[in-house]
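Heads up: numbering here begins at 1 and tracks the sequence. All values below were derived from every heavy atom in this structure, side-chain atoms included, with hydrogens, water molecules and symmetry-related copies excluded. One-based numbering, in listed order, for ligands and for the atoms of each.
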Amino acid sequence: MSDDEGAARARAVLAAAFGGPDDDPAADAAAAPGEDDVRVWAAPGRVNLIGEHTDYNAGLCLPIALPHRTYVALRPRTDSLVRLASAQAPGETWTARLEDVAPGEVAGWGSYVAGVAWALREHLVAQGADPASITGFDAAVDSSVPFGAGLSSSAALECSVAVALDDVAGLGLSASDAGRAVLAAASVRAENEIAGAPTGGMDQSAALRARAGHALLLDCRPGLDPVESAEQVPFDLDAAGLALLVVDTRAEHRLVDGQYAARRATCEDAARTLGLASLRDLADAVDASDDPAGTLAVSLDKLPDDVARRRVRHVVTEIGRVRELVALLREGRPDAVGPLMNASHASLRDDYEVSSVELDVAVDAARVAGALGARMTGGGFGGSAIALVRADQVETVADAVRAAFEREGLGAPGFLLATPSAPAERVV
Ligand code: ADP
Ligand code: MG
């Protein structure tokens with residue numbers, strides 16, 4: 001979906017749901033600015049190159065923004081009503097008054113959208129500014145980001161709305177990285193507190209702060225200055241003759257709440273046992289050591305059982321792999337990162353135990369067909385895998401993965417190409 005197409009579709013959904021000047025293109029052209037004007041903003045999905053299950057361990061991760069985007073056509077209102085429609089939720093509109101939006105008070109997909117308005121109002125109140133600059137609005141979305149594929153359609157939705165409301169209210173936050181960090185934080189609050197989904201901040205930072213041709217190195221240590229927490233790392237796939245193939249397993253998202261919570265709790269218990277604030281401290285000690293393996297082994301020996309030892313080993317080695325991969329990219333060697341991706345997958349599969357049959361089949365088939373490296377991406381138990389391939393081998397690798405799924409009796413996967421793309425912005 002091109003930006004023009006995405007914008008046209010979102011506008012059409014808005015007009016169909018709530019009417020307005022789009023009913024008549026001539027009237028639209030004649031509409032005075034500020035009066036019933038619809039504009040369109042977009043925000044990308046994301047894929048994480050490496051650094052999985054590290055965010056809640058104060059670690060490092062390395063997402064890129066996808067070319068796949070969520071488009072929101074939005075028209076501010078003079079009252080506090082929020083009316084929403086989505087091409088992905090056909091035939092239903094979602095309505096609430098802004099003053100009724102609060103934790104536990106709203107549900108459904110509109111909570112991601114109204115949650116952003118709520119969080120921006122909270123931000124303004126905390127700044128001593130007038131929250132009423134965030135008014136109600138009519139909005140409609142359409143998206144090329146697959147739902148629930150681990151590519152963060154939820155953050156794409158929140159962040160498209162965040163830049164839209166920022167623009168409409170004239171807050172100017174989108175204009176700087178520091179401001180975008182504020183919008184990312186508001187989007188995280190919308191997802192955690194209003195939509196009720198416990199996620200870290202990687203997705204929203206990627207959607208708002210990534211840059212085309214770059215990966216975004218995120219440092220998840222709490223309390224870090226938000227601007228210091230993100231660094232751009234050159235990752236120009238086209239120039240290197242490479243492509244990043246995403247395999248959407250289309251397997252039902254089985255990130256069973258219990259599994260995620262259990263991994264988190266094991267990591268937090270282990271850090272406590274080791275007398276550390278987080279496993280990041282151990283990763284840093286291992287990184288600084290003359291004998292990394294020995295330093296890690298001494299700490300692992302202090303843990304109560306094999307499960308805890310394997311979970312910690314994943315987190316510590318994964319943070320190390322992010323550092324190594326970033327170093328290779330900075331040296332201009334993106335074609336050398338494959339083995340790190342492979343090692344990440346093995347660690348997630350064997351030590352962290354969050355892979356799935358579909359993810360393993362995708363990764364193995366991609367490698368056999370010539371991928372330079374492949375790994376599951378996202379939280380696991382379903383979702384997507386990524387394979388780094390030579391640009392002329394994309395079809396060969398995709399065909400091999402498709403054939404392997406068929407052989408194993410799995411449902412057909414989806415494919416998309418992840419070119420590191422631009423962050424959330426106004427498109428019309
Ligand atoms: P993902 O990995 O895609 O982010 P999530 O479960 O976090 O999966 O978010 C998916 C949810 O986000 C959907 O169930 C829906 O509530 C909401 N959502 C995302 N994009 C859209 C959209 N274009 N229209 C309506 N709802 C959306
Ligand atoms: Mg999500």
Legend entry - ligand 1 contacted by Gly148 (non-hydrogen, < 4.0 Å): yes
Inset, instruction - For side-chain contact (heavy atoms from CB on, under 4.5 Å), just list the numbers for Ser344 and Glu318, CA-CA rounded to whole Å, side-chain angles, deciding distance to a tenth of an Å, and then say yes or no. - result: CA-CA 6 Å; Ser344 170; Glu318 183 78 354; 3.0 Å; yes
Legend entry - N or O contact, Asp142 vs ligand 1, cut-off under 3.5 Å: no
Legend entry - Min heavy-atom dist Ala89 to ligand 1 below 4.0 Å: no
Inset, instruction - From atom 2 (O) of ligand 1, work out which of Gly108, Ala155, Gly150, Gly378 has a heavy atom at the shortest distance. - result: Gly150
Legend entry - Pair Asp287 + Arg280: basic N to acidic O under 4.0 Å: no
Inset, instruction - Compare all side-chain heavy atoms of Glu353 with those of Arg311 and state whether any distance is below 4.5 angstrom. - result: yes
Inset, instruction - Return yes when at least one N/O/S atom of Ser153 is nearer than 2.8 Å to the Mg ion (ligand 2), and no when none is. - result: no
Inset, instruction - Decide, yes or no, whether a salt bridge links Glu406 with Arg402 under the criterion of side-chain N to carboxylate O below 4.0 Å. - result: no
Legend entry - salt_bridge(Arg390, Asp392) N-O dist < 4.0 Å: no
Inset, instruction - State the atoms of ligand 1, each with its element, that fall below the 4.0 Å cut-off from a heavy-atom position in Ser86. - result: 22 (C), 23 (N), 24 (N), 25 (C)
Inset, instruction - Pick whichever of Ser160, Ala87, Ser153 has a heavy atom sitting closest to atom 1 (P) of ligand 1. - result: Ser153
Inset, instruction - Please state which part of Ser143 comes within less than 4.0 Å of ligand 1, counting heavy atoms only: side chain, backbone, both or neither. - result: side chain
Inset, instruction - Mind checking whether Phe147 contacts ligand 1 via backbone (N, CA, C, O), side chain (CB onward), both or neither, at a 4.0 Å heavy-atom cut-off? - result: both
Legend entry - Carboxylate-amine/guanidinium contact Arg69 Glu425, below 4.0 Å: yes
Legend entry - Subset of ligand 1 atoms that lie under 4.0 Å from at least one heavy atom of Gln88: 22 (C), 23 (N), 24 (N)
Legend entry - Salt-bridge contact Arg310-Asp350 (side-chain N to carboxylate O under 4.0 Å): no
